[in-house]
Amino acid sequence: MTSRAEYCVIACAEAWRGDGEVLASPMGPIPSFGARLAKRTFSPDLLLTDGEALLVGLDGTVEGWLPYRRHLTMVTGGRRHVMMGASQIDRYGNQNISCVGDWQRPARQLLGVRGAPVNTLNNPVSYWVPRHSPRVFVERVDMVSGVGYDRAEAAGPSAARFHRLPRVVSDLGVFDFAGPGRTMRLASLHPGVTVDEVRAATGFELAIGADVPYTREPSAEELRLIREVIDPKGLRDREVRG
């Protein structure tokens with residue numbers, strides 16, 4: 001039986017389908033497992049790193065050097081696809097990882113904007129949310145860290161040139177921005193999840209079609225790779241339970 005966490009790995013892997021030779025920058029265990037699964041199966045040209053300065057193969061063998069200047073060249077030319085987290089995200093894909101509450105006196109200080117503005121304006125960015133709730137999927141983010149479709153469009157062609165948000169994956173389903181005005185749409189439900197559950201866990205009105213499909217089933221070989229090769233210790237189930 002496929003676990004919820006394994007559906008999440010599959011959904012994250014699909015974010016890199018068809019990307020070709022780009023640098024995958026997954027943040028978090030399940031996105032990392034997804035990127036490694038994608039490279040082992042349908043996206044063999046995907047580039048993986050050790051998170052610091054080296055390009056690595058599937059077994060961690062060093063395949064090349066990735067100095068900072070080369071990394072920046074890839075980032076600013078659309079040759080990188082990041083999967084980041086989000087403390088808050090709104091219907092247009094504006095993301096917040098900086099603070100919760102009013103900027104003058106925030107209730108909670110988070111990471112800071114870090115590389116989110118540059119990431120979202122210069123290369124494709126997807127998002128991973130392990131706990132889907134109205135506190136994360138909000139009507140309006142308290143501070144914009146990652147740029148959404150409405151703000152990229154308002155900023156003009158220079159901001160929108162490489163801006164693309166392929167998907168948001170949560171523990172409940174997969175979302176894209178094919179709704180009216182490039183708003184968030186429910187693209188698929190993970191098996192066992194209902195549309196009503198997703199609506200109740202989302203703080204804004206999602207675009208939802210009449211017949212929402214389920215996230216695709218993993219093949220037997222993909223399950224073997226996840227369970228025996230990529231994550232034999234079962235770390236995925238610590239991030240997503242149930």
Q: Could you check if a side-chain atom of Ile10 sits within less than 4.5 angstrom of a side-chain atom of Leu37, using non-hydrogen atoms only?
A: yes

Q) Is it the case that more than 12 heavy atoms not belonging to Arg114 sit under 6.0 Å from its CZ atom? A) no

Q) Do Val100 and Phe137 share a hydrophobic cluster, counting only Ile, Leu, Val, Met, Phe, Trp and Tyr and linking them when any side-chain heavy atoms are less than 4.5 Å apart? A) no

Q) Pro130 and Val240: which non-hydrogen atoms are nearest, and at how many Å? A) O-CG2, 4.4 Å

Q: Please tell me if the side chains of Val22 and Leu46 come closer than 4.5 Å, counting only heavy atoms from C-beta onward.
A: yes

**Q.** Considering all heavy atoms, the nearest Leu48-Ala35 contact
**A.** CD2-CB, 4.2 Å

(Q) Under a plain distance cut-off of 3.5 Å, with no hydrogens placed, do Asn119 and Arg80 share a side-chain donor-acceptor pair? (A) yes

Q | Spatial distance of atom CG (Leu225) from atom OG (Ser219) [nearest 0.5 Å] | A | 7.5 Å

Q) For Glu153, does the CD atom sit with more than 12 other heavy atoms under 6.0 Å from it, leaving out its own atoms? A) no

(Q) Quick test of your reading of the model: are Glu14 and Arg216 salt-bridged, counting only N-O distances below 4.0 Å? (A) yes

Q: Check step by step if side-chain contact (heavy atoms from CB on, under 4.5 Å) holds for Val174 and His190.
A: CA-CA 8 Å; Val174 180; His190 299 327; 4.0 Å; yes

Q) Heavy atoms, side chains only, cut-off 4.5 Å: are Val144 and Arg151 in contact? A) yes

(Q) Side chains of Ser126 and His81 only: does a donor on one sit below 3.5 Å from an acceptor on the other? (A) yes

Q. Ion pair present between Arg236 and Asp231, side-chain N to carboxylate O less than 4.0 angstrom?
A. yes

Q. Out of curiosity, Gln95 CD to Met143 CE, how far, rounded to the nearest 0.5 Å?
A. 10.5 Å

(Q) For His132 and Phe175, take the angle between the two ring planes, folded into 0 to 90°, and tell me which bin it lands in: parallel under 30, tilted 30 to 60, perpendicular over 60. (A) tilted

Q) Rounded to the nearest 0.5 Å, how far apart are CD1 of Ile97 and OG of Ser145? A) 5.0 Å

Q) Among the clusters formed by ILVMFWY side chains lying less than 4.5 Å apart, do Trp103 and Val141 turn up in the same one? A) no

Q | Nearest atoms (heavy-atom pairs only) where Tyr127 meets Leu165 | A | CE1-CD2, 4.3 Å

Q. For Val198 and Leu189, what are the C-alpha separation, side-chain angles and deciding distance, and is it a side-chain contact (heavy atoms from CB on, under 4.5 Å)?
A. CA-CA 9 Å; Val198 173; Leu189 293 163; 3.5 Å; yes

**Q.** Steps toward side-chain contact (heavy atoms from CB on, under 4.5 Å) verdict (Glu6, Leu223)
**A.** CA-CA 8 Å; Glu6 288 162 345; Leu223 279 179; 3.7 Å; yes

(Q) If hydrophobic clusters are built from ILVMFWY residues whose side chains come within less than 4.5 Å, do Val147 and Phe162 share one? (A) no

Q.
With a sphere of 6.0 Å drawn around CD of Glu21, does it hold more than 12 non-hydrogen atoms of other residues, nucleotides or ligands?
A. no

Q) Would one find more than 12 heavy atoms of other residues, nucleotides or ligands at under 6.0 Å from atom CZ of Arg241? A) no

Q) With a 4.5 Å heavy-atom cut-off, do His163 and Tyr149 have their side chains touching? A) yes

Q.
What's the separation between atom CG in Asp90 and atom CG in Asp150, rounded to the nearest 0.5 Å?
A. 6.5 Å

Q. Does Arg17 make a cation-pi contact with Phe42 (under 6.0 Å, within 45 degrees of the axis)?
A. yes

Q. Do Leu235 and Phe33 have side chains that get closer than 4.5 Å, going by heavy atoms?
A. yes

Q: Following the transitive rule for hydrophobic clusters with a side-chain heavy-atom cut-off under 4.5 Å over Ile, Leu, Val, Met, Phe, Trp and Tyr, establish whether Val136 and Phe204 coincide in one cluster.
A: yes

Q.
When you compare the side chain of Arg140 with that of Tyr92, does any pair of heavy atoms fall below 4.5 Å?
A. no

(Q) In the structure I gave you, are the side-chain heavy atoms of Ser25 and Met83 within less than 4.5 Å of one another anywhere? (A) no

Q. What is the distance from atom CD1 of Ile30 to atom CG of Asp171, rounded to the nearest 0.5 Å?
A. 9.0 Å

Q) Any idea which heavy atoms bring Arg185 and Ala178 closest together, and the distance? A) NE-CB, 3.7 Å

Q: State, yes or no, whether a side-chain contact exists between Met27 and Val82 at a heavy-atom distance under 4.5 Å.
A: yes

Q. When you measure from the side chain of Asn123 to the backbone N and O of Arg79, does any donor-acceptor pair fall under 3.5 Å?
A. no

Q) How long is the span from the CG atom in Asn94 to the CD atom in Gln88, to the nearest 0.5 Å? A) 11.0 Å

Q.
Arg91 vs Glu139, test: salt bridge (charged side-chain N to carboxylate O under 4.0 Å, His left out). Steps then yes/no.
A. CA-CA 7 Å; Arg91 71 181 73 221; Glu139 183 66 41; 2.7 Å; yes

**Q.** Intermediate values then yes/no, salt bridge (charged side-chain N to carboxylate O under 4.0 Å, His left out), Asp196 and Arg199
**A.** CA-CA 5 Å; Asp196 286 343; Arg199 280 200 181 104; 3.5 Å; yes

(Q) Is it the case that atom CD in Glu197 sees more than 12 heavy atoms from other parts of the structure closer than 6.0 Å? (A) yes

Q: Can you see which heavy atom on Arg164 is nearest to which on Asp19, and at what distance?
A: NH2-OD1, 4.0 Å

Q | Shortest non-hydrogen contact between Ser43 and Trp16, atoms and distance | A | OG-O, 3.1 Å

Q. Between Thr215 and Ser188, do the side chains contain an N or O donor and an N or O acceptor separated by less than 3.5 Å?
A. yes

Q: Treating Ile, Leu, Val, Met, Phe, Trp and Tyr as nodes and any side-chain heavy-atom pair under 4.5 angstrom as an edge, say whether Val138 and Val168 lie in one connected cluster.
A: no

(Q) The test is side-chain contact (heavy atoms from CB on, under 4.5 Å); show your working for Ser98 and Leu110 and say whether it passes. (A) CA-CA 5 Å; Ser98 185; Leu110 305 174; 5.6 Å; no

